[in-house]
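The structure appears right after this line, and notes come after that.
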There are 2 protein chains.
Amino acid sequence: MFSKACEYGIRASTYIALKSLEGTRVSLKEIAEKIDSPVAFTAKVLQQLSKNHIVDSVKGASGGFQITKANINQIKLAQIVFAIDGNNVYEGCGLGLKKCNANEPCPVHDKFVQIRSDLKNMLENTSLYDMTIGLEEGLTSLRR
Amino acid sequence: MFSKACEYGIRASTYIALKSLEGTRVSLKEIAEKIDSPVAFTAKVLQQLSKNHIVDSVKGASGGFQITKANINQIKLAQIVFAIDGNNVYEGCGLGLKKCNANEPCPVHDKFVQIRSDLKNMLENTSLYDMTIGLEEGLTSLRR
DNA sequence: TATAAATAGGACAATTTTATCCTATTTAAT
DNA sequence: ATTAAATAGGATAAAATTGTCCTATTTATA
Ligand code: FES
Ligand code: FES
């Protein structure tokens, strides 16, 4: 469904959001531990998210990653997925035709656009804040 | 969503089904042309589908690929996807956790299983025959 | 029986994705 | 000022996926 980079990106952003709500900035090392991801690879993903203004990075000692409260509420999963995997999830043909096109549809087009659209809606309606709900209480998990 | 191999597999099977309904067996070369896929790579995919008894292959001159009428009606997309991409589509966690598990769910679990299940249902309810409807009349397409 | 057409399959190559390593830069704190 | 902790980013490596090439085998037909 999503690339590894994207999966790490969502999990990392969610963890950063959780800690930002508690008022603390988190280091790459801590993030990678908490989401069980390869450190250096996660760094690349976070660079990309930082360039896309999804997370804020602070360099130097006591630096780290954080997300403003406004952004925790406003940023949706759809933006993270788009920043990392591009728009293929939203616009690609289920059978890999070069363009998904209702005028010359592949045999699964009608059924596929329905599912793709449900996925899109889900991603567009799930904020980082939504993602953090239940994490603190251990009702949901970002690793294992 | 699906691997290239899987996309080619679905398109190839659909084309074979179409021609089998017309009573003719088709060669690898023709298949690759009609679904716009790399010939040798498609051969590998078809080998796999043949081993999984999704398509029948006939060696030798005037050989080729075909699917019995019974199978055209009975084989569902779900079986093709499973034969090539395995069960990750059906059971994998949307955020890449090692196991999707309702007891220790990731933050998108509830929403994701719904979409995954819709996709699964769609694949389980779409037969190769369904895929061929509209192809002959050009209402649907397997290439471009 | 010889030939040609077709799939099977092994070996390899190219590309993309995933992952690691090292150095540069920034910044707080000593 | 120095040091230590942190991100940025370039270079590289490893692994997985995608794609190609060549030979073996099978089989209909001339
Ligand atoms: S053309 Fe294939 S999903 Fe739209
Ligand atoms: S645990 Fe992530 S989708 Fe089920």
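- Phosphate contact (OP1/OP2 of C:dA19, side-chain N/O of A:Y8, threshold under 4.0 Å): present.
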Item to check | Derivation and outcome, side chain to side chain donor-acceptor pair (under 3.5 Å), residues B:K111 and A:T126 | outcome: CA-CA 10 Å; B:K111 292 169 168 177; A:T126 305; 3.0 Å; yes
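- An OP1 or OP2 oxygen of D:dG9 is reached within less than 4.0 angstrom by a side-chain nitrogen or oxygen of A:K51.
- The residue among A:Q47 and A:G63 whose nearest nucleotide of DNA chain D lies closer to the 5′ end is A:G63.
- Contact check of residues 78-90 of chain B against DNA chain C (heavy atom, cut-off under 4.0 Å) returns no residues at all.
- For B:L46 and D:dG19, the CG to P distance is 14 Å, given to the nearest whole Å.
- Residue pairs meeting the side-chain hydrogen bond (donor to acceptor under 3.5 Å, both in side chains) criterion with at least one member in residues 128-137 of chain A, sequence neighbours excluded: A:S127-A:D130.
- Taking 4.0 Å as the cut-off between side-chain N and carboxylate O, A:D36 and B:K98 count as a salt-bridged pair.
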Identify each atom pair where a protein N or O and an N or O of nucleotides 26-30 of chain D are less than 3.5 Å apart, giving names and distance.
unit_1, atom_1, unit_2, atom_2, d
D:dT26, O2, B:G60, N, 3.3
D:dT27, O2, B:A61, N, 3.2
D:dA28, O4', B:A61, O, 3.4

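- Side-chain proximity of A:F65 to C:dA6, D:dG19, D:dT7: nearest is D:dT7.
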With a 3.5 Å cut-off and sequence neighbours excluded, list the donor-acceptor pairs that the side chains of residues 39-50 of chain B form with protein atoms.
unit_1, atom_1, unit_2, atom_2, d
B:T42, OG1, B:S37, OG, 2.6
B:T42, OG1, B:P38, O, 2.7
B:Q48, NE2, B:A83, O, 3.3

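- B:R11 places its CZ atom 14 Å from the C1' atom of D:dT18, with the value rounded to the nearest Å.
- Note on residues 72-82 of chain A: no pairs pass side-chain hydrogen bond (donor to acceptor under 3.5 Å, both in side chains), not counting sequence neighbours.
- Atom CD of B:Q66 and atom P of C:dT7 are 11 Å apart (whole Å).
- A residue-by-residue look at A:C6 and B:S57 shows that B:S57 has its nearest nucleotide of DNA chain C further toward the 5' end.
- Across the protein-nucleic acid pair, A:L28 atom CG and C:dA19 atom C1' stand 13 Å apart, rounded to whole Å.
- Residue-level contact check: B:K44 touches the bases, meaning some heavy atom is under 4.0 Å from a base atom.
- Atoms CG and SG, on B:L95 and B:C100 in that order, are 10.0 Å from each other to the nearest 0.5 Å.
- Side-chain atoms of A:R144 never come within 3.5 Å of backbone atoms of B:E104 as a donor-acceptor pair (strictly under, hydrogens ignored).
- Following rounding to the nearest Å, A:F41 (CZ) and D:dT7 (P) show an atom-to-atom distance of 17 Å.
- Distance, A:Q48 CD to D:dG10 P: 13 Å, rounded to whole Å.
- Between the P atom of D:dT18 and the CD atom of B:E7 lies a distance of 8 Å, rounded to the nearest Å.
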Item to check | Derivation and outcome, side-chain contact (heavy atoms from CB on, under 4.5 Å), residues B:I67 and B:L128 | outcome: CA-CA 10 Å; B:I67 309 179; B:L128 280 177; 3.7 Å; yes
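- For the pair B:I31 CD1 and C:dT7 C1', the computed distance is 11 Å after rounding to whole Å.
- The side-chain contact (heavy atoms from CB on, under 4.5 Å) search around A:Y90 returns A:A78, A:V81, A:F82, A:N87, A:K120, A:L123, not counting sequence neighbours.
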